[in-house]
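Data block below; observations after.
The figures here come from the full heavy-atom set of this structure, side chains too, leaving out hydrogens, waters and symmetry mates. What you see is a predicted model; the values in this text were computed from it and never measured.
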Amino acid sequence: MSNPAASPDSTATDRPLAPLEPLTSTPVLIDQVYSRLRDAIADLTLPPGERIRQAELADSLGVSRQPVSHALQLLKRDGLVCDSGRQGLEVAPIDADHLRQLYQVRTALDGLAARLAATRMAQGTLSEPELRRLQEAVATGMAMTRGTPVARQVRIEVAFHTALHDASGNPLIAQTVAPQWPHIMRAMAATLGAMPMQEVVWHEHGEIVARIAAGDADGAEAAAREHTEADGGNARREWLARLAASH
């Protein structure tokens with residue numbers, strides 16, 4: 001019997017491999033530039049309406065203009081930058097209507113996260129480190145003063161809600177909210193410094209965690225929804241009203 005490997009039709013292994021384009025680090029570099037610019041927009045280092053100058057950004061980041069250009073297209077897709085004039089870009093304005101819609105979604109997700117976390121507590125599956133992470137986030141927030149930099153206030157707020165989402169045990173909650181954090185963070189940064197509401201906000205956070213620690217699923221969900229509710233919540237209603245008035 002003839003060997004199939006030696007047949008005339010089996011010549012693929014005898015041909016030299018077709019040349020392939022070499023791999024480069026460009027995608028990784030684009031991700032790094034994207035993350036840096038996204039963070040700068042989120043903390044208002046690049047404020048709404050700021051004209052984007054690609055050459056200056058490239059020089060500041062120590063990269064060529066190509067990864068900056070690619071990163072800006074990703075930020076445009078995210079709604080964080082927008083067209084400005086002829087072939088120009090600028091940091092997008094803060095859209096209060098978009099934030100109201102976003103908080104409607106977050107109300108449902110935060111309520112679900114709190115309910116699931118409390119349920120896990122009642123079932124004995126919420127770990128001690130997960131509960132401690134929530135409690136420490138509240139303690140950190142309560143320890144802030146009026147002199148705490150706004151960027152730090154915002155990041156502590158995000159840290160609490162991220163801990164809440166993780167405590168739910170459902171990773172899709174955090175994955176769903178994650179792309180929206182830059183929009184939420186920059187709106188917070190634009191308003192927190194002018195609003196004496198930190199104490200109210202962190203007492204509300206503390207109430208959510210207390211209900212979770214008690215295994216009170218209904219109470220935890222209600223507390224989370226009241227805190228986050230865009231149209232009826234305490235701090236959120238005032239926060240969005242002031243944002244709308246300022247824009």
Side-chain angles (χ1 to χ4, degrees), residues 21-84 87-96 98-99 101-103 105-106 109-110 113 133-134 136-137 140-141 144 148-168 170-193 228 239 243 247:
E21 281 199 348
L23 294 173
T24 69
S25 61
T26 300
V28 174
L29 187 59
I30 291 170
D31 288 343
Q32 292 173 340
V33 173
Y34 167 77
S35 296
R36 184 69 60 85
L37 294 180
R38 181 196 58 203
D39 291 347
I41 291 171
D43 67 16
L44 300 188
T45 299
L46 293 174
E50 178 86 358
R51 185 69 179 269
I52 300 296
R53 297 174 176 84
Q54 291 190 30
E56 290 183 15
L57 287 177
D59 289 344
S60 177
L61 295 171
V63 299
S64 69
R65 293 182 62 175
Q66 184 179 18
V68 172
S69 178
H70 283 295
L72 287 172
Q73 291 307 308
L74 296 175
L75 292 166
K76 183 178 179 182
R77 175 203 63 189
D78 294 344
L80 293 170
V81 302
C82 60
D83 292 322
S84 174
Q87 298 182 330
L89 293 171
E90 66 181 42
V91 178
I94 298 173
D95 186 337
H98 173 252
L99 287 169
Q101 295 164 358
L102 175 55
Y103 268 97
V105 175
R106 276 201 58 207
L109 291 177
D110 278 12
R133 181 182 169 197
L134 284 166
E136 290 175 350
T140 301
M144 288 192 297
T148 301
V150 170
R152 176 164 169 75
Q153 294 181 42
V154 171
R155 294 197 179 279
I156 292 172
E157 171 87 9
V158 172
F160 169 78
H161 285 282
T162 301
L164 175 63
H165 298 160
D166 290 345
S168 74
N170 184 337
L172 290 179
I173 295 177
Q175 291 172 24
T176 301
V177 176
Q180 302 300 330
W181 275 124
H183 295 281
I184 299 169
M185 290 172 68
R186 69 193 191 123
M188 286 180 180
T191 55
L192 273 178
T228 311
W239 183 73
L243 179 62
H247 290 78

Show your reasoning for whether side chain to side chain contact (heavy atoms under 4.5 Å, CB included) applies to Thr162 and Arg133.
CA-CA 10 Å; Thr162 301; Arg133 181 182 169 197; 3.7 Å; yes
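- Ile30 is listed as a side-chain neighbour of Leu74, based on a closest heavy-atom distance under 4.5 Å.
- The distance from atom CG of Asn170 to atom OG1 of Thr176, rounded to the nearest 0.5 Å, is 8.0 Å.
- Contact of the Gln180 side chain with the Arg106 side chain is not registered, since no non-hydrogen atoms from C-beta on lie closer than 4.5 Å.
- What you find for Arg186 and Pro93 is that their closest heavy atoms are NH2-O, 3.0 Å.
- The shortest side-chain heavy-atom distance between Gln175 and Pro171 falls under the 4.5 Å cut-off.
- Across Ala92 and Gly79, no two heavy atoms sit closer than the pair CB-O, 3.4 Å.
- By the 4.0 Å N-to-carboxylate-O rule, Asp78 lies too far from Arg38 to be salt-bridged with it.
- Put simply, OG1 on Thr228 and CG on Leu109 are 9.5 Å apart, with the number rounded to the nearest 0.5 Å.
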For a side chain to side chain contact (heavy atoms under 4.5 Å, CB included) check, start with the C-alpha distance between Val68 and Ile52, then their side-chain angles and the critical distance, and finish with the verdict.
CA-CA 10 Å; Val68 172; Ile52 300 296; 5.9 Å; no
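- For the 3.5 Å distance criterion, the side chains of Thr45 and Asp43 qualify, holding a donor opposite an acceptor.
- What you find for Leu134 and Ala167 is that their closest heavy atoms are CD1-CB, 4.0 Å.
- For the atom pair CD (Glu157) and CD1 (Ile184), the distance works out to 9.5 Å, reported to the nearest 0.5 Å.
- Contact check for Ile41 versus Val81: side-chain heavy atoms found under the 4.5 Å cut-off.
- Separation of atoms CD (Gln66) and CG (Leu29) is listed at 9.0 Å; rounding is to 0.5 Å.
- At least one side-chain heavy atom of Lys76 sits less than 4.5 Å from a side-chain heavy atom of Asp83.
- Remark: side-chain polar atoms of Ser35 are not paired, donor with acceptor, to backbone N or O of Gln32 under 3.5 angstrom.
- Within 6.0 Å of the CZ atom in Arg36, the count of heavy atoms belonging to other residues, nucleotides or ligands does not exceed 12.
- In terms of heavy-atom proximity, Thr148 sits nearest to Gln153 at O-NE2, 2.9 Å.
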Using side chain to side chain contact (heavy atoms under 4.5 Å, CB included), reason through Glu56 and Arg51 one step at a time and then give a plain yes or no.
CA-CA 11 Å; Glu56 290 183 15; Arg51 185 69 179 269; over 6 Å; no
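- The shortest non-hydrogen separation linking Leu46 to Val91 is O-CG1, 3.8 Å.
- Between Leu61 atom CG and Leu37 atom CG the span is 5.5 Å, to the nearest 0.5 Å.
- The two residues Leu89 and Ser84 have their closest heavy-atom pair at C-CB, 3.8 Å.
- Relative orientation of the His161 and Trp181 rings is tilted, given thresholds of 30° and 60° on the angle between their planes.
- Counted within 6.0 Å of CZ on Arg152, heavy atoms from surrounding residues, nucleotides or ligands total 12 or fewer; the atom is thus considered open.
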